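Sequential numbering from 1 along the given sequence is applied to the chain's residues. Only heavy atoms go into these numbers, but all of them, side chains included; no hydrogens, no water, no symmetry mates. All values derive from a computational prediction rather than experimental measurement. In listed order, ligands and their atoms are each counted from 1.
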Amino acid sequence: MSLQRVRGTQDLLPEVQAKYNLVVDKARGIALRFGFQEMSTPIFEFSDVFKRTLGEATDIVNKEMYTFQDRNGEEITLRPEGTASIARAFISEGLSQLVPLKLFYQGPMFRYERPQKGRYRQFHQFGVELLGPASPMADVEVISLGHMILSELKIRERCELNLNSIGDQESRKRYVNALVDYLSSRKKDLSADGQKRLETNPLRILDSKDEGDRKIIQDAPRIQEYYNEESKAFFDKVTSALTEFGISFTVNPLLVRGLDYYNHCVFEFRSTDLGAQDAVLSGGRYDDLIKQMGGPHTPGVGWAAGIERILLLTPLEPQLPRPVAVIPVHESTETPAFKLAYDLRTQGLACEVHFSGNLSKRMKKAVSQKCIAAILLGPDELARNEATLKWLDSGQQEVVPLNQLPSRLQNL
Ligand code: HAM
């Protein structure tokens with residue numbers, strides 16, 4: 001039996017888990033301020049939920065999904081992302097009466113990618129989806145929410161917001177034709193991957209990492225020249241509103257994103273401090289996804305952030321409450337010490353009792369655990385219903401009646 005973690009997975013040890021919780025709590029608090037509500041979907045779905053929505057030619061569907069047959073022969077996939085699951089739930093739970101619907105979620109996602117810094121096979125996302133409004137102000141609302149979360153996590157200044165519009169279906173169709181014409185004339189110089197994408201998903205050649213492809217792309221037609229009136233007006237509204245909000249961004253005509261459900265606005269907050277896996281928070285608009293899955297026409301826009309990537313960047317550290325140590329100074333007061341700690345915990349105080357050690361060892365342990373105070377419980381004091389309260393920062397101590405301990409400690 002192998003006792004290694006599966007490649008690309010991680011154990012979130014207590015210190016990391018505490019920081020993870022801090023990030024999620026911050027993001028949750030800000031999403032609630034924007035009027036978003038939390039929901040969860042299962043971590044596995046019928047494979048079709050993802051296959052039919054993310055795009056047959058995308059990397060995720062082609063080579064990264066954890067798909068298996070369950071005991072009943074159903075084809076199941078561990079969710080690689082949250083948007084398709086939310087869209088599925090929107091339809092199967094009959095949520096269309098509730099639009100506009102502002103939702104957020106967090107939890108593990110699964111992709112069979114090559115693990116490297118900031119890239120895992122089981123990773124965690126915090127994501128938001130705004131379902132219903134076709135207005136560009138919905139894009140501004142979710143982008144500004146992402147901006148505020150990254151700002152409060154003190155990493156916004158380490159990120160650049162890349163923004164693009166891939167237009168509506170009509171604009172994109174005309175653009176893809178022009179792009180394919182241009183790239184076909186240079187097909188032999190494209191990378192093997194690029195040549196394959198020319199047949200299956202030509203837009204994705206725009207964000208190819210291959211040097212040769214990138215050179216060819218420099219002279220490729222730009223999508224901006226193919227927008228129809230509506231697409232242009234939509235994007236202008238988003239960029240002008242973001243400017244008014246004071247949210248800085250760079251229009252990146254090569255940003256196309258790796259999923260097929262997008263139209264109009266797409267965006268990525270990227271950080272050069274992350275290395276190759278630089279996308280921290282990414283998303284876009286997906287007006288046809290829910291209809292394409294069999295639901296009513298319902299525009300949507302949202303994003304997801306990789307929590308592991310945020311953890312690599314944020315300087316924030318969790319502020320855990322400093323506990324109080326209860327220390328029996330004699331064997332006979334061990335059970336009363338545990339009982340006193342239990343009673344103080346019912347009053348909301350964080351308490352520690354150690355399972356072994358003499359007085360000096362227990363005091364040392366209390367100091368190393370950054371306890372705010374130690375309550376020393378001896379047999380004589382206990383008989384008088386008292387204990388010695390020792391403040392560990394100042395070293396000062398006082399004798400306190402047991403029933404006054406909660407108020408002495410709570411008023412800190
Ligand atoms: P995505 O760009 O595939 O979009 O993933 C969103 C974020 O998840 C990325 O920017 C990155 O921070 C993180 N991420 C992705 N893959 C990994 C990985 N293997 N390891 C660690 N972090 C990773 C989506 O998932 C869309 N559902 C976003 C969206 C929501 N669009 C509209 N609504």
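- Between Arg309 and ligand 1 there is a heavy-atom distance shorter than 4.0 Å.
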In sequence, state the C-alpha distance, the side-chain angles, and the governing distance for Arg172 and Leu203, and then conclude on side-chain contact (heavy atoms from CB on, under 4.5 Å). CA-CA 9 Å; Arg172 202 163 51 258; Leu203 271 185; 3.7 Å; yes

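- Ligand-side atoms of ligand 1 in range of Gly283: 31 (N), range being under 4.0 angstrom from any heavy atom.
- Here salt bridge (Lys or Arg N to Asp or Glu O under 4.0 Å) pairs that include residues 234-246, with residues two or more places apart or in two chains, are Lys232-Asp236.
- At least one heavy atom of Gly118 sits less than 4.0 Å from an atom of ligand 1.
- The contact set between ligand 1 and Tyr261, taken as ligand atoms under 4.0 Å from a residue heavy atom, comprises 26 (C), 27 (N), 31 (N).
- Distances below 4.0 Å separate heavy atoms of Glu129 from the following atoms of ligand 1: 30 (C), 32 (C), 33 (N).
- Atoms of ligand 1 found under 4.0 Å from any heavy atom of Val280, numbered from 1 in the order shown, are 10 (O), 12 (O).
- Look at Leu259 and you'll find a heavy atom under 4.0 Å from some atom of ligand 1.
- The contact set between ligand 1 and Tyr262, taken as ligand atoms under 4.0 Å from a residue heavy atom, comprises 26 (C), 28 (C), 29 (C), 31 (N), 32 (C).
- The residues Arg28 and Asp25 are annotated as salt-bridged, a charged nitrogen and a carboxylate oxygen being separated by less than 4.0 angstrom.
- Between Leu98 and Gln37, the closest side-chain pair of non-hydrogen atoms is not below 4.5 Å.
- Only the side chain of Arg257 comes within 4.0 Å of ligand 1, counting heavy atoms alone; its backbone N, CA, C and O stay farther away.
- Of all protein heavy atoms, the one closest to atom 20 (N) of ligand 1 is Tyr120 N, 3.0 Å.
- Using a 4.0 Å cutoff on heavy atoms, Phe269 does not count as a contact of ligand 1.
- Nearest heavy-atom pair across Arg257 and Tyr262 is NH2-OH, 2.9 Å.
- Within the listing of ligand 1, atoms 5 (O), 6 (C), 7 (C), 8 (O), 24 (C), 25 (O) sit less than 4.0 angstrom from a heavy atom of Gln125.
- For Tyr342, the OH atom is loosely surrounded, since the number of other residues' heavy atoms within 6.0 Å does not exceed 12.
- When all heavy atoms are compared, the tightest approach of Pro328 to Val326 is CD-O, 3.8 Å.
- The list of salt bridge (Lys or Arg N to Asp or Glu O under 4.0 Å) pairs with a residue in residues 72-87, not counting sequence neighbours, reads Lys51-Glu75.
- Looking at heavy atoms from C-beta onward, Asp193 lies in side-chain contact with Lys196 at the 4.5 angstrom threshold.
- For the residue pair Tyr226 and Ala178, the shortest heavy atom distance occurs at OH-CB, 3.3 Å.
- When non-hydrogen atoms are compared, ligand 1 lies under 4.0 Å from the side chain of Phe123 (C-beta onward) but not from its backbone.
- Distances from ligand 1 to the non-hydrogen atoms of His124 include no value under 4.0 Å.
- At a 4.0 Å heavy-atom cut-off, ligand 1 touches Arg111 through the side chain alone.
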